[in-house]
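Just below is one structure, and these are the notes that go with it.
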There are 2 protein chains.
Amino acid sequence: MNPASSNPGGDAAQGASPTFSPLYQQIKALITQSLQSGEWKPGELMPSEVELAARFKVSQGTVRKAIDELSAENLVVRRQGKGTFVATHHEERAHYRFLRLMPDEGVPHHPESRFIEVKRIRAPAEVARLLELRSGDAVVYIKRVQSFDGVPAILEELWLPGQLFKGLTAERLVEYKGPMYGLFESEFGTRMIRASEKIKAVAADPGAAQLLGVAEGTPLLCAERVSFTYGDKAVELRRGLYLTARHHYLSELS
Amino acid sequence: MNPASSNPGGDAAQGASPTFSPLYQQIKALITQSLQSGEWKPGELMPSEVELAARFKVSQGTVRKAIDELSAENLVVRRQGKGTFVATHHEERAHYRFLRLMPDEGVPHHPESRFIEVKRIRAPAEVARLLELRSGDAVVYIKRVQSFDGVPAILEELWLPGQLFKGLTAERLVEYKGPMYGLFESEFGTRMIRASEKIKAVAADPGAAQLLGVAEGTPLLCAERVSFTYGDKAVELRRGLYLTARHHYLSELS
DNA sequence: AAGTGGTCTAGACCACTTT
DNA sequence: AAGTGGTCTAGACCACTTC
């Protein structure tokens with residue numbers, strides 16, 4: 001009678017794929033598609049649960065469970081009495097999800113950037129492999145130093161798929177205020193959803209030592225990050241060297 | 001009519017506290033108490049949702065939501081068709097939740113331990129502060145080296161509240177096979193629920209260099225961990241020095 | 001007053017496991 | 001066949017926000 005009871009037969013418009021999934025997972029996938037396609041933009045209010053339930057012809061409870069998971073994955077933000085909003089990098093609370101370097105004392109705050117180099121190059125083999133590109137594809141290369149209160153603490157290199165970041169120039173980076181992920185989201189339509197970091201301890205080479213203002217051989221924390229957007233697509237490679245004299249990398253094991 | 005509708009008045013046996021919480025949160029707290037008290041032990045099967053619903057006089061859906069959260073926090077494990085089990089450190093899948101050092105190549109596996117020192121001491125001020133003890137309280141101090149395939153990679157020091165780990169000796173540690181957290185859980189009734197790590201890069205001092213078989217000054221990753229049991233009570237301080245030549249610390253940002 | 005997400009209930013059926 | 005967790009629905013009421 002109701003549409004959901006036909007679920008076991010596979011009622012969704014997903015084509016005749018051999019995999020079945022619960023209704024709420026199918027709804028979640030459909031909502032994710034709308035997020036990815038930009039039907040609702042970052043920061044915007046999404047349709048209410050009741051509207052979505054009507055649109056997908058399922059009960060509100062099913063939509064609710066789908067949105068529950070999207071909320072847990074930080075793709076959307078629920079606000080009681082107001083509605084559900086598309087998550088955005090343009091808010092304080094989102095900033096520290098990807099910035100794990102904390103001061104040993106005092107409250108966290110944002111570093112200032114100084115860009116050393118911004119250019120377009122052909123992807124080296126290693127970069128291409130991690131970004132799932134072909135070796136030689138165009139990538140944007142960025143090198144910058146970040147400082148807290150004028151004291152350098154982070155030396156960072158980034159590689160971004162040239163395809164996705166066509167108009168990215170040094171000027172845009174310099175004039176933009178706020179975290180880079182905000183720029184990527186607003187200007188290039190690419191939102192970072194999650195990331196994975198591999199961390200090592202290394203000795204500062206001459207170049208890093210000079211830029212960070214420390215002695216050659218100083219132990220630095222090296223974090224290699226691969227960031228993913230919708231559909232687990234890799235869209236950023238980042239290698240950061242962190243000076244941990246007065247800061248630490250915070251990792252919550254839960 | 002039904003017991004839940006009296007919720008807004010505060011129906012639970014929590015005393016006349018000024019804070020109100022949803023019914024499922026109260027149920028969650030009651031279940032957590034039973035877990036903490038050992039009414040159901042690690043690895044054991046818990047009562048079914050239907051039984052718990054009857055016991056607490058709420059609907060199955062409310063118990064379900066409570067257990068959903070406990071499951072998300074890794075306090076319990078659900079298995080369809082079988083039931084809900086109390087989480088335990090005695091299973092492969094639980095081991096890598098607190099062991100983040102991964103080999104750069106190949107599949108993760110467990111290190112072998114060699115204990116350097118095990119003794120009872122008075123807590124230094126810094127240790128006491130982090131473990132929320134009084135300075136001078138008894139603590140168990142452990143120092144060990146861990147190796148992968150015979151190659152040293154981790155130098156670790158631990159401080160544990162003496163109160164909680166009364167019978168902990170070097171012999172117990174040496175004869176016990178498997179992760180220390182399994183020993184703590186089975187023999188001392190203390191389960192680690194979550195932990196917080198502060199990570200820095202440091203230079204190997206003479207002692208560390210000798211034990212890890214590297215040159216003095218070699219960059220090492222230093223992870224200072226505070227672990228918590230039920231009720232967010234700190235019960236372990238651990239300082240690990242990791243050799244990251246062939247391994248890395250894995251951090252998922254999500 | 002109206003709309004939103006948040007909680008709670010009750011009942012149905014499904015998928016999986018064990019007896 | 002019986003029991004378990006997993007999904008789905010429908011309806012009620014609450015807390016919060018806005019008009």
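First the proteins, then the strands, lettered A, B, ... as listed; each starts at 1. Every heavy atom of this structure was used, including side-chain atoms; hydrogens, water molecules and symmetry mates were not.
To the nearest 0.5 angstrom, B/L173 atom CG is 4.5 Å from B/L168 atom CG.
Between the side chains of B/S251 and A/Y249, at least one donor N or O lies within less than 3.5 Å of an accepting N or O. Between B/H95 and B/H110, the side chains place a donor N or O and an acceptor N or O closer than 3.5 Å (distance only, hydrogens not considered). For the residue pair B/S113 / B/R144, a side-chain donor-acceptor distance below 3.5 Å is found, with atom types taken as modelled. No donor-acceptor contact under 3.5 angstrom links the side chains of A/Q33 and A/Y230, judged on distance only.
One interatomic measurement links the two molecules: CZ of A/R64 to P of D/dT7, which rounds to 16 Å at whole-angstrom precision. One interatomic measurement links the two molecules: CD of B/Q60 to C1' of D/dG3, which rounds to 11 Å at whole-angstrom precision. The CD atom of A/E49 sits 19 Å away from the P atom of D/dC14 (whole-angstrom rounding). Taking atom OH on B/Y24 and atom P on C/dT9, their separation rounds to 13 Å, with Å as the unit. Summarising the geometry, the separation between CG on A/L45 and C1' on D/dT18 is reported as 12 Å, rounded to the nearest angstrom. One interatomic measurement links the two molecules: CG of B/L70 to C1' of D/dG5, which rounds to 15 Å at whole-angstrom precision. Put simply, NZ on B/K65 is 12 Å from P on C/dT9, counting in whole angstrom units. Summarising the geometry, the separation between CD on B/E69 and P on C/dC8 is reported as 11 Å, rounded to the nearest angstrom.
Judged by closest nucleotide on DNA chain D, B/D68 is the one of A/V63 and B/D68 placed further toward the 5' end. Heavy-atom distances to DNA chain D give each of B/V50 and A/Q25 a nearest nucleotide, and the one nearer the 5′ end belongs to B/V50.
Between the side chain of B/T229 and the main chain of B/R191, a donor-acceptor pair closer than 3.5 Å is present. Side-chain N or O atoms of A/E73 include none that pairs as donor or acceptor with a backbone N or O of A/L70 at under 3.5 Å.
Phosphate contact (OP1/OP2 of C/dT4, side-chain N/O of A/S48, threshold under 4.0 Å): present.
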Salt bridge (charged side-chain N to carboxylate O under 4.0 Å, His left out) assessment of A/D104 paired with B/K200:
CA-CA 10 Å; A/D104 291 341; B/K200 287 176 177 256; 2.6 Å; yes
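No side-chain heavy atom of B/L45 sits less than 4.5 Å from a side-chain heavy atom of B/T84.
Looking at DNA chain D, the stems built from 3 or more consecutive Watson-Crick or G-U wobble pairs, each pair with its key distances under 3.5 Å, are C:1-18 with D:1-18.
Of all the residues in residues 73-87 of chain A, A/Q80, A/G81, A/K82 reach under 4.0 Å from DNA chain D with at least one non-hydrogen atom.
Of the listed nucleotides (C/dT4, D/dC8, C/dT9), C/dT4 has the atom at the smallest distance from the side chain of A/E51.
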